[in-house]
**Student:** 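Got a structure for you, written out below as structure tokens; questions coming shortly.
So that the names make sense, note that chain A is the first sequence line, chain B the second, and so on, each numbered from 1.
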Amino acid sequence: MLDAQFIREHPDLVRRAIAQKGTEEVSVVSSILEADERHRAAVTELQDIRTEANDEAKKIGRLMRDGEQKAARVAMANAGKLKSRAKEVEELVRETEAILNILLLVVPNIPHTSVPIGKSPEDNRVVKEYGLRPELDFDPLLHWEILEKYDLADFDRGSKVAGAGFPFYTGKGARLQRALINFFLDVAVEEGGYIEIQAPLVVNNASATGTGQLPDKEDMMYEIKRDGLFLIPTAEIPVTNFFRDDIIPESDLPIKFCAYTPCFRREAGSHGKTVRGLNRIHQFDKVELVQFVHPEKSYEALESLREDAESILKKLELPYRRLLMCTGDMGFTQSKKYDLEVWSAAQKRWLEVSSISNFEAFQARRMQIRYRPSDGSKLQILHTLNGSALAIPRVVAALLENNQHADGTVAIPDVLRPYTGFDTIG
RNA sequence: GGAGGGGUGGCAGAGUGGUUGAAUGCGCUGGUCUCGAAAACCAGUAUACCUGUACGGGUAUCGAGGGUUCGAAUCCCUCCUCCUCCGCCA
């Protein structure tokens with residue numbers, strides 16, 4: 001969320017941002033300014049009353065000690081009056097604060113100036129395409145056909161045991177995914193300098209609010225009502241909340257974490273061809289990168305994080321493209337976001353395998369993650385970023401489709417062979 | 001799951017109703033001293049918010065939230081969390 005003070009000082013900037021993102025009415029800014037005004041007036045009044053009440057209480061203490069019972073009783077009566085007045089104003093403060101907070105939570109993050117203005121996915125900018133899309137001179141199988149042919153996954157049994165969208169991975173299919181997880185983590189740790197984290201797979205309400213999934217996007221998450229927990233839709237939530245309410249010395253920045261976790265997404269209402277096979281499932285594996293950085297370094301960090309994700313696609317020799325998301329398609333919490341999409345040779349379409357975002361202070365402010373400047377000046381909110389590196393199932397889909405040969409076999413990329421222990425499938 | 005004991009400032013650790021935002025020690029910063037350093041000594045050292053042109057003034061915060069009281073770190077209730085013992089368990 002944005003700071004009320006920031007909105008107070010830059011109302012037009014915020015209005016423009018809301019218009020560009022299109023998630024909310026611009027008029028919310030005026031409502032916020034008004035609510036903020038009323039809230040501050042109430043706070044000031046309450047504080048004045050308390051000042052008086054505190055003085056009175058101290059006076060009573062003095063009088064009691066000096067044995068002046070009568071004067072003390074007079075002061076007590078006066079203090080009692082102040083107390084009931086304070087109670088009324090307290091209620092007003094609570095009320096105005098609640099209104100202000102509700103309004104503040106719906107204000108989206110402000111897009112960076114380099115972000116193209118647009119409404120829909122068509123307005124996203126394809127920045128660059130890497131690698132050559134394979135020209136297959138035979139009738140290629142779709143990845144779900146390959147999975148079935150070689151017993152790499154079992155969707156039907158997954159449906160029986162859990163439900164649609166919870167496949168089993170079997171044999172080489174399971175091993176291939178484990179290989180990818182290990183490979184991605186090794187690249188992040190050894191080449192990217194990320195600290196490996198194993199995170200809780202469930203989070204509480206406060207954590208989901210901190211990264212921005214709540215209050216709005218709770219429909220994407222599986223909820224364990226009985227215990228007040230959510231299954232994580234991404235490692236972003238637990239890993240970013242690692243430092244919630246913490247103060248980090250400036251000299252420790254940047255802090256870079258990587259984490260492998262399964263991810264659980266309800267994906268309500270999606271059916272059809274584009275979600276077949278591994279294209280969109282309720283539980284999938286992902287390696288996530290998260291960075292906590294100095295505010296002045298966050299755009300630099302965004303590019304390096306992006307390169308960390310891209311380096312994996314290059315090593316796997318997968319053709320991919322990079323999209324710069326437009327204001328209307330990048331979501332509520334981001335200031336700037338790239339998507340990486342890998343080419344799927346049999347489906348003949350692009351699959352999103354990574355989403356890399358700079359949230360600036362938007363998440364960190366919700367979570368109160370601050371750093372202590374080395375020069376001793378006052379605490380500052382830091383910036384958070386994250387990116388997938390990468391989502392596993394769609395990488396599997398692309399690998400199977402792109403690397404299949406006319407004889408039906410599928411080649412494993414060189415870099416993965418030490419991890420899989422086999423060179424081909426089929 | 002049962003029984004008991006804790007959660008105080010960067011850290012350690014006092015404080016059971018009255019000028020306690022909080023003793024003391026350590027750490028840190030500045031100064032004195034010194035050729036320099038150490039030691040010693042002196043001073044400073046939380047966060048958020050409100051208010052004020054400024055110097056400043058004020059409010060809140062001792063795990064969280066309620067309550068009692070003129071006044072709460074201190075008393076009461078609920079919750080969270082940590083520790084010890086017992087039970088259960090991959």
**Student:** I'd like the C1' distance from B/A48 over to B/G21, given in whole Å.
**Tutor:**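 That atom pair is separated by 14 Å.
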**Student:** Please figure out whether A/Met76 or A/Asp3 has its closest RNA chain B nucleotide nearer the 5' end.
**Tutor:**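 With A/Asp3 and A/Met76 compared, the 5'-side residue is A/Asp3.
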**Student:** Measuring only the P atom in each nucleotide, how far is B/G5 from B/C75? A whole number of Å is fine.
**Tutor:**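 Taking atom P in both B/G5 and B/C75, they lie 14 Å apart.
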**Student:** Taking the P atom of each, how far is B/G27 from B/A39, in whole Å?
**Tutor:**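 B/G27 and B/A39 have their P atoms separated by 8 Å.
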**Student:** Over all strands shown, is A/Lys59 touching base, sugar-phosphate only, or nothing at heavy-atom distances under 4.0 angstrom?
**Tutor:**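 No contact at all - A/Lys59 keeps every heavy atom at 4.0 Å or more from the nucleic acid.
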**Student:** Which atom names give the shortest non-hydrogen contact between A/Ser207 and A/Ile237, and what distance separates them?
**Tutor:**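 Scanning both residues completely, I find the closest heavy atoms to be O-CG2, 3.7 Å.
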**Student:** Could you tell me whether A/Ala79 contacts a base, only the sugar-phosphate backbone, or nothing, with contacts defined as non-hydrogen atoms closer than 4.0 Å?
**Tutor:**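 Result for A/Ala79 = sugar-phosphate.
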**Student:** Please identify each residue that fulfils salt bridge (charged side-chain N to carboxylate O under 4.0 Å, His left out) with A/Glu191, with sequence neighbours left out.
**Tutor:**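 Testing A/Glu191 for salt bridge (charged side-chain N to carboxylate O under 4.0 Å, His left out), a comparison that skips the adjacent residues, returns A/Lys315.
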**Student:** At a cut-off of 3.5 Å, list every protein nitrogen or oxygen paired with a nitrogen or oxygen from nucleotides 9-11 of chain B, distance to 0.1 Å.
**Tutor:**
none

**Student:** Do the numbers put A/Arg157 on top of the ring of A/Phe168, so that NZ or CZ is under 6.0 Å from the six-membered ring centre and no more than 45° off the axis?
**Tutor:**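 Not satisfied by the 6.0 Å and 45° rule.
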**Student:** Can you check whether A/Tyr371 and A/Phe292 have ring centres sitting under 6.0 Å from each other?
**Tutor:**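 Here the rings of A/Phe292 and A/Tyr371 have centres that are no less than 6.0 Å from each other.
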**Student:** So if I take every side-chain heavy atom of A/Ile60 and compare against B/U68, B/C70, B/U19, which nucleotide ends up nearest?
**Tutor:**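 Comparing B/U68, B/C70, B/U19 against the side chain of A/Ile60, the answer is B/C70.
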**Student:** Can you identify which nucleotide, out of B/U19, B/U51, B/C49, has its nearest atom closest to the A/Arg40 side chain?
**Tutor:**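 Out of B/U19, B/U51, B/C49, the nucleotide with an atom closest to A/Arg40's side chain is B/U51.
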**Student:** Which value, in whole Å, describes the distance between the C1' atoms of nucleotides B/C55 and B/U51?
**Tutor:**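 Each nucleotide's C1' atom is 14 Å from the other's.
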**Student:** With a sphere of 6.0 Å drawn around CD of A/Glu25, does it hold more than 12 non-hydrogen atoms of other residues, nucleotides or ligands?
**Tutor:**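 Counting other residues, nucleotides and ligands, CD of A/Glu25 stays at 12 neighbours or fewer.
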**Student:** Answer yes or no: does a side-chain N or O of A/Arg94 lie under 4.0 Å from OP1 or OP2 of B/G65?
**Tutor:**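 Answer no for this pair, as no side-chain N or O of A/Arg94 is under 4.0 Å from OP1 or OP2.
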**Student:** Report which part of the nucleic acid A/Ile247 touches: base, sugar-phosphate, or nothing (heavy-atom distance under 4.0 Å, all strands).
**Tutor:**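 Since no nucleic acid heavy atom lies under 4.0 Å of A/Ile247, the category is nothing.
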**Student:** How far, in whole Å, is B/A72 from B/G30 if one measures between their P atoms?
**Tutor:**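 Between the two P atoms, the distance is 40 Å.
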**Student:** Would you mind pulling out the nucleotide paired to B/U81, Watson-Crick or G-U wobble, both distances under 3.5 Å?
**Tutor:**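 The base-pairing partner of B/U81, which may sit in any strand shown, is B/G6.
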**Student:** How many whole angstroms separate atom NE2 of A/His39 from atom C1' of B/U59?
**Tutor:**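 In whole Å, B/U59 C1' and A/His39 NE2 are 12 Å from each other.
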**Student:** Give the rounded distance in Å between these two atoms: CG of A/Asn54 and C1' of B/A60.
**Tutor:**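 Taking atom C1' of B/A60 as the reference, CG of A/Asn54 is at 10 Å.
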**Student:** Please report, rounded to the nearest Å, how far the C1' atom of B/G18 is from the CZ atom of A/Arg73.
**Tutor:**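 These atoms are roughly 17 Å apart.
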**Student:** Just jot down the salt bridge (charged side-chain N to carboxylate O under 4.0 Å, His left out) partners of A/Asp252, sequence neighbours excluded, or say none.
**Tutor:**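 Here no residue qualifies.
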**Student:** Could you tell me which nucleotide pairs with B/U47 by Watson-Crick or G-U wobble geometry, both distances under 3.5 Å, or answer none if nothing does?
**Tutor:**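 Partner of B/U47: B/A60.
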**Student:** Check the distance between B/U51's C1' and A/Glu37's CD and give it to me in whole angstrom.
**Tutor:**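 To the nearest whole Å, that distance equals 13 Å.
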**Student:** As a test of reading the structure: which of B/U51, B/C70, B/U59 is closest to the side chain of A/Thr44, going by heavy atoms?
**Tutor:**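 For A/Thr44, the side-chain atoms sit closest to B/U51.
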**Student:** Between B/G65 and B/A60, how far is it from one C1' atom to the other, in whole Å?
**Tutor:**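 B/G65 and B/A60 have their C1' atoms separated by 15 Å.
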**Student:** Taking the six-membered ring of A/Phe422, is NZ or CZ of A/Lys172 closer than 6.0 Å to its centre and within 45° of its axis?
**Tutor:**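 The answer is yes; both the distance and angle limits are met.
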**Student:** Would you mind classifying the nucleic acid contact of A/Asp48 as base, sugar-phosphate or nothing, using non-hydrogen atoms under 4.0 angstrom?
**Tutor:**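 No contact at all - A/Asp48 keeps every heavy atom at 4.0 Å or more from the nucleic acid.
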**Student:** Are A/Arg50 and A/Glu90 within salt-bridge range, i.e. N to O under 4.0 Å?
**Tutor:**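 A/Glu90 and A/Arg50: salt-bridged.
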**Student:** Of all the nucleotides listed (B/C50, B/A60, B/G58), which has the minimum atom distance to the side chain of A/Arg50?
**Tutor:**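 Comparing B/C50, B/A60, B/G58 against the side chain of A/Arg50, the answer is B/A60.
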**Student:** A/Lys58 side chain: which of B/U69, B/G58, B/U19 is closest?
**Tutor:**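 The listed nucleotide nearest to A/Lys58's side chain is B/U19.
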**Student:** Nearest-Å distance, CZ (A/Arg370) to P (B/A46)?
**Tutor:**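 Distance, rounded to whole Å: 14 Å.
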**Student:** In this structure, which one of A/Asn402, A/Asn279, A/Leu399, A/Leu351 forms a side-chain contact (heavy atoms from CB on, under 4.5 Å) with A/His143?
**Tutor:**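 When A/Asn402, A/Asn279, A/Leu399, A/Leu351 are each tested with A/His143, the side-chain contact (heavy atoms from CB on, under 4.5 Å) holds only for A/Asn279.
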**Student:** Quote, to the nearest angstrom, the C1' distance that separates B/A46 from B/C62.
**Tutor:**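 Here B/A46 and B/C62 have their C1' atoms 12 Å from each other.
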**Student:** Base, sugar-phosphate or nothing for A/Arg365? Non-hydrogen atoms, less than 4.0 Å.
**Tutor:**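 Touches nothing.
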**Student:** Rounded to the nearest Å, what distance is computed from the NZ atom of residue A/Lys81 to the P atom of nucleotide B/U69?
**Tutor:**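 Whole-Å distance recorded here is 18 Å.
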**Student:** Measure the distance from CG on A/Leu63 to P on B/U19 and round it to the nearest whole Å.
**Tutor:**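 To the nearest whole Å, that distance equals 14 Å.
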**Student:** Taking atom P of B/C50 as reference, at what distance in whole Å does atom CD of A/Glu97 sit?
**Tutor:**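 My rounded result for the distance is 11 Å.
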**Student:** Between A/Gln5 and A/Ala75, name the one whose nearest nucleotide on RNA chain B is closer to the 5' end.
**Tutor:**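 Result of the comparison: A/Gln5.
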**Student:** When the C1' atoms of B/C26 and B/G9 are compared, how many Å lie between them, rounded to an integer?
**Tutor:**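 These two C1' atoms come out 13 Å apart once rounded.
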